[in-house]
Amino acid sequence: MKKLFVIGSLVVILLLATGCGLWGVDRSLTGIVTDKDLGVPLEGVGINLDNFFTTTDEAGVYLFKDVTRGDYIVQAVKPGYKSDSFEVAITGEEILNFTMEATKKGSVSGIIADEQDGSLIEGALISIGIKETASDEEGEFLLEGIPVGEWTLKIQVNGYAPQTKTVLVKEDIEAEMEIHMVSTEKGGVKGILTDQKTGNPVQGAVIIVDEEMVETLADGSYQITGL
């Protein structure tokens, strides 16, 4: 009888393991939702897993924990975007990413110029996510097909400090911007100071440019760098 009891107990345990999954196996579903045009994560996307619901965080991530083994229909929903759905079999720690396409789009245009002298800058790289363009010889740029919403515009060009700007894109409207770049290249000034009447060099005169100060040498020369 004892052997039969042990065998019967093992059968029950195996049946429970088959029905509930292997011990120590966590069953979950997670993933990242991104915008199709920009490749950036989407926050606030509603994710439906049969009767369960959650939303994506600021990194575009969603998570369902302790999910019962089985086949499911997963749907992603967000206003202004086409809904998307997939079938998924959950047997362990599953990953399912979504790429959603916006139904409402606009554009961003502008001019890139030097903050100091106002000269137009050609070849500046302007981007929102993976969508990018470059300013032309007149410093102008245009980004089309941008989903409606608030996005971060990045501007980069050699010799200037990179910038980020927040831009609000509206449907079928071109958002216009004027961006002034700050140069990172340092220059200087030098010369010779002479007496206006005699033409002789002036020694020991103080030359001040912004916060930099230097005295002229015996030959009247001076130089200030790092400006």
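- The line from CZ of Phe98 to OG of Ser83 is 10.5 Å long, rounded to the nearest 0.5 Å.
- Counting non-hydrogen atoms of neighbouring residues, nucleotides and ligands closer than 6.0 angstrom, the CG atom of Asp195 exceeds 12 such neighbours.
- Nearest heavy atoms, Val202 versus Thr216: O-OG1, 2.7 Å.
- Using a 4.5 Å cut-off on side-chain heavy atoms (C-beta onward), Tyr72 and Val67 make contact.
- Rounded to the nearest 0.5 angstrom, Tyr62 OH and Thr55 OG1 are separated by 12.5 Å.
- Looking only at side-chain heavy atoms (C-beta outward), Ile111 and Leu120 come within less than 4.5 Å of each other.
- Not a single donor-acceptor pair under 3.5 Å links the side chain of Asn48 to the backbone N or O of Phe53.
- For the pair Ser107 and Leu142, the minimum side-chain heavy-atom distance is below 4.5 Å.
- In this structure, Val148 and Glu171 approach most closely via the heavy-atom pair CG2-N, 3.4 Å.
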Glu87 vs Asp71, test: side-chain contact (heavy atoms from CB on, under 4.5 Å). Steps then yes/no. CA-CA 7 Å; Glu87 292 184 5; Asp71 297 329; over 6 Å; no
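- With a 4.5 Å cut-off on side-chain heavy atoms, Val74 and Ile47 count as touching.
- Annotation for Lys105: atom NZ counts as buried by contact number, over 12 foreign heavy atoms lying within 6.0 Å.
- Atom CD1 of residue Ile121 and atom OH of residue Tyr160 lie 4.0 Å apart, to the nearest 0.5 angstrom.
- Side chain of Thr133 to main chain of Phe141: no donor-acceptor pair is present (N/O by atom type, distance under 3.5 Å, no hydrogens or angles).
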Does Leu153 form a side-chain contact (heavy atoms from CB on, under 4.5 Å) with Leu143? I'd like the steps, not just the answer. CA-CA 10 Å; Leu153 186 77; Leu143 282 171; 3.8 Å; yes
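- A 4.5 Å side-chain heavy-atom check between Ile192 and Thr194 finds at least one atom pair inside the cut-off.
- Here the NZ atom belonging to Lys82 is positioned 4.0 Å from the CD atom belonging to Glu101, to the nearest 0.5 angstrom.
- The CD1 atom of Ile130 lies 12.0 Å from the CD1 atom of Ile128; values are rounded to the nearest 0.5 Å.
- Side-chain contact between Leu63 and Thr54 is absent, with no heavy-atom pair separated by less than 4.5 Å.
- Test Glu122, Gln163, Met181 against Val157 for side-chain contact (heavy atoms from CB on, under 4.5 Å) and you get one pass: Met181.
- In this structure, Gly118 and Ala113 approach most closely via the heavy-atom pair O-CB, 3.9 Å.
- Atom CD of residue Glu132 and atom CG of residue Leu38 lie 12.0 Å apart, to the nearest 0.5 angstrom.
- None of Glu94, Lys65, Glu93 except one satisfies the side-chain contact (heavy atoms from CB on, under 4.5 Å) rule with Leu29; the exception is Glu94.
- Around the CZ atom of Phe52, the shell of radius 6.0 Å holds no more than 12 heavy atoms that belong to other residues, nucleotides or ligands.
- Between the side chains of Ser28 and Asp26, no donor-acceptor pair is found at a separation under 3.5 Å.
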